[in-house]
Amino acid sequence: MSKSDRELGMQRRITRRDFVHDTSLTALGLMAITGCGNETADDTAPPPGADYPPTKTGMRGAHPGSFETAHALAREGVRFDDPVDLDEHYDLVVVGGGISGLTAAYQYRKRFGSESRILILDNHDDFGGHAKRNEFHHDGVMRLSWGGTTNLEYLSFSDTVLAFLDELGIDVQRLSSELEFRYGADAPAIWFDAETYGRDVLVPGFSMYGRNLDALDTIDQFPISESGRAALKRFYTSDANVLEGMDESEIGRVLHETSYTEFLSRHAGLPDDVVGLFIKAMDGYWGVQTHSLSAAEAMQSWLPGSHLLGDAADQVTGSEESETVAMFPDGNASIARLLVRSLIPAVAPAANAQNIAIARFDYAQLDRPDAPVRLRLESTVVRAANVDGEVAVTYVRNGSVVRVRARHSVLACYHAIIPYLCPETPEAQKEAQRYQVKHPMLLTNVLVRSREPLDRLGISGAYCPGRMHAKVWLIDGVHTAGYRPRNNDTGPVPLMFWGTIAPPRRDVPLHDQLRAARGLMLGLTFEDYEREVRTVLDGMLGSAGFDVAEDILAITVNRWPHGYAYGYLDLWDPEWEQGKAPHEIARRPIGNITIANSDAAASAYTQAAIEQALRAVAELE
Ligand SMILES: Cc1cc2nc3c(=O)[nH]c(=O)nc-3n(C[C@H](O)[C@H](O)[C@H](O)COP(=O)(O)OP(=O)(O)OC[C@H]3O[C@@H](n4cnc5c(N)ncnc54)[C@H](O)[C@@H]3O)c2cc1C
């Protein structure tokens, strides 16, 4: 029987609606401290004040206040006419303060001179877009995690991107060599929840990835049908070539026109209850379920099955490029912070790539009238228009509709909003922009008192086939850029819940699935997410001494209804002719306005966000 909210500790005061930080420090004026904390002992710096954005908990990502104006514009057709003209004139206005927008500002100064006056506008209360930092403070200890974009798959970076990171002082090889974090893969598990499977069962040692030949006996513990358990074992141990006798085009059809789930049932002979185990296995990596991925796409991402393909297995081998990564303790938020530090040095004068993870930023410096670069938060752009050889940019801030002018503008925001804020965009281009529906993504960080329950169970993470978040793992072993939690420390420690929201229907086109999942995500309250993570932690760790009412110290839900950039998938998109793909049409310049964002590459990667910003600045005349 499921537990009541009271038994789950829903009434407990945690850092979601209230803060445990010592806010008296703010009153004493200590927020004026800028630069860096102690080199190694992150525990010694005083916690920042309650309004320091990275420390905010509760509903983050698309937090309340960040999206309502854009929805009024795009969904309700609200017009923001008669703006008040501000007495501010810039060389460049950037729409969107994510990695792409910040890179555009950086590159503009390189191309047009460091005296260029630049305004960056973003709708959130923190900069970075998906590159967000989640900072927890408890009992004098700071623990870091990330709220969105995570790592750098640097082996696939172009020389241009590598040179760009080098300019910021980032040594990706060193970051990579210092990385011990393995996304829970070093001690994996699968957790079956009582609501879905009748009883809570944790099976350490089993991984959804690869062939599991060393863990076959763990399958005996799965609470599924006996025939399902036997079929799963046969699947892993079989050496049959299911493509035997097929010609090249038939093989292509099986790999690229068959969904992974269909492959498992039709070609690997797995019954529904076993196929069901794999449906959420790619939620975090792709932002869609495996019924929407082709067999090839799923296997290239290390899901099992390639052992049944004979010689064609080579076509679906996962790449070393995506396996080898570098990362900061707050994910790619450190890149956003290094960019902001470069654009506006006063935010953290002593910060650099070696100590960026522990640098305290002075947000009061972001938007100073005397600085050449200004970054204005909580500002949603509702119109960008070419007027008299300039660009007039209208935005809403604190309920006021205001307008500034600039020589140039780079739109580094989601493409799907551009038709609404830039009505002069040609119709075919608008259609291409609307095609780029982002994949909703969900990252919920939970600060728990201690990692000991996980250690007792011998796990560092688990796949949860029946739950909202597909995976949960310990954040541990990212000791880079000045952040080094004490050795042998058992807690507090962040656990990350990772995935997306499953669409309510699978039998509809992908775009409709993504839109429906986004609607569900936005419709859930913080309490819904809280109840979910409490239920999971209680069921998974309760037997190992985890007290769900006592041991949860803070919860930060990073919801991204507009998450991964829309990339083309085998089952849903045609092979576009060069120059005719939606992203290529969508990013065409419009007068003095050019278009960046990872959408412009149809690729949900940091390197894409950077490259597209460089292109957008190069296109300005
Ligand atoms: C959960 C998650 C995990 C990810 N993990 C990785 C990873 O591990 N590695 C990787 O390389 N990539 C990852 N990504 C992809 C990530 O999207 C890119 O790496 C990169 O951060 C995208 O940057 P961007 O500037 O193009 O877009 P964004 O980060 O989306 O920035 C655009 C900004 O523009 C703002 N904006 C939109 N409309 C307006 C408006 N009208 N007015 C003002 N502002 C507006 C947005 O709110 C946002 O702040 C991840 C993404 C998500 C969501």
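Both counts, for ligands and for their atoms, begin at 1 and track the order of listing.
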N445, L144, T55 screened by side chain to side chain contact (heavy atoms under 4.5 Å, CB included) with F136, the one that passes: N445
Identify the protein heavy atom lying closest to [atom], giving its residue, its atom name and the separation to 0.1 Å.
atom	answer
atom 48 (C) of ligand 1	D122 OD2, 3.5 Å
atom 36 (N) of ligand 1	N123 OD1, 3.4 Å
atom 13 (C) of ligand 1	T149 OG1, 3.1 Å
atom 46 (C) of ligand 1	Y414 OH, 3.3 Å

Flag if over 12 foreign heavy atoms under 6.0 Å of CZ, R79: no
OH (Y605) with more than 12 external heavy atoms under 6.0 Å: no
Donor-acceptor pair, side chain of [X] and main chain of [Y], under 3.5 angstrom:
X	Y	value
E297	L569	no
H511	Y435	yes
S100	A609	yes

Mark up the atoms of ligand 1 that fall under 4.0 Å of a heavy atom belonging to [X], in ascending order.
X	answer
L421	41 (N)
T380	41 (N), 42 (N)
A604	12 (N), 13 (C), 14 (N), 15 (C)
Y564	2 (C), 3 (C), 4 (C), 50 (C), 51 (C), 52 (C)
T150	5 (N), 6 (C), 7 (C), 8 (O)
T606	10 (C), 11 (O), 12 (N), 18 (C), 19 (O)

Out of [options], who is nearest to [atom] when you count heavy atoms only?
atom	options	value
atom 9 (N) of ligand 1	L377, I335, N151, I610	N151
atom 32 (C) of ligand 1	S322, A412, S598, G129	A412
atom 39 (C) of ligand 1	A70, G563, A565, C413	C413

Using a 4.0 Å heavy-atom threshold (strictly under), name the region of [X] that reaches ligand 1: side chain, backbone, both or neither.
X	result
V95	side chain
L443	side chain
H124	side chain
H130	both

Check [Y] with [X], please: is the shortest side-chain N to carboxylate O separation under 4.0 Å?
X	Y	value
K430	E424	no
R615	E619	yes
E532	R467	yes

Considering all heavy atoms, the nearest R376-S379 contact: CG-OG, 3.4 Å
Test item, S379 contacting ligand 1 (heavy atom, 4.0 angstrom): yes
Ring centres under 6.0 angstrom apart (F67, H562): no
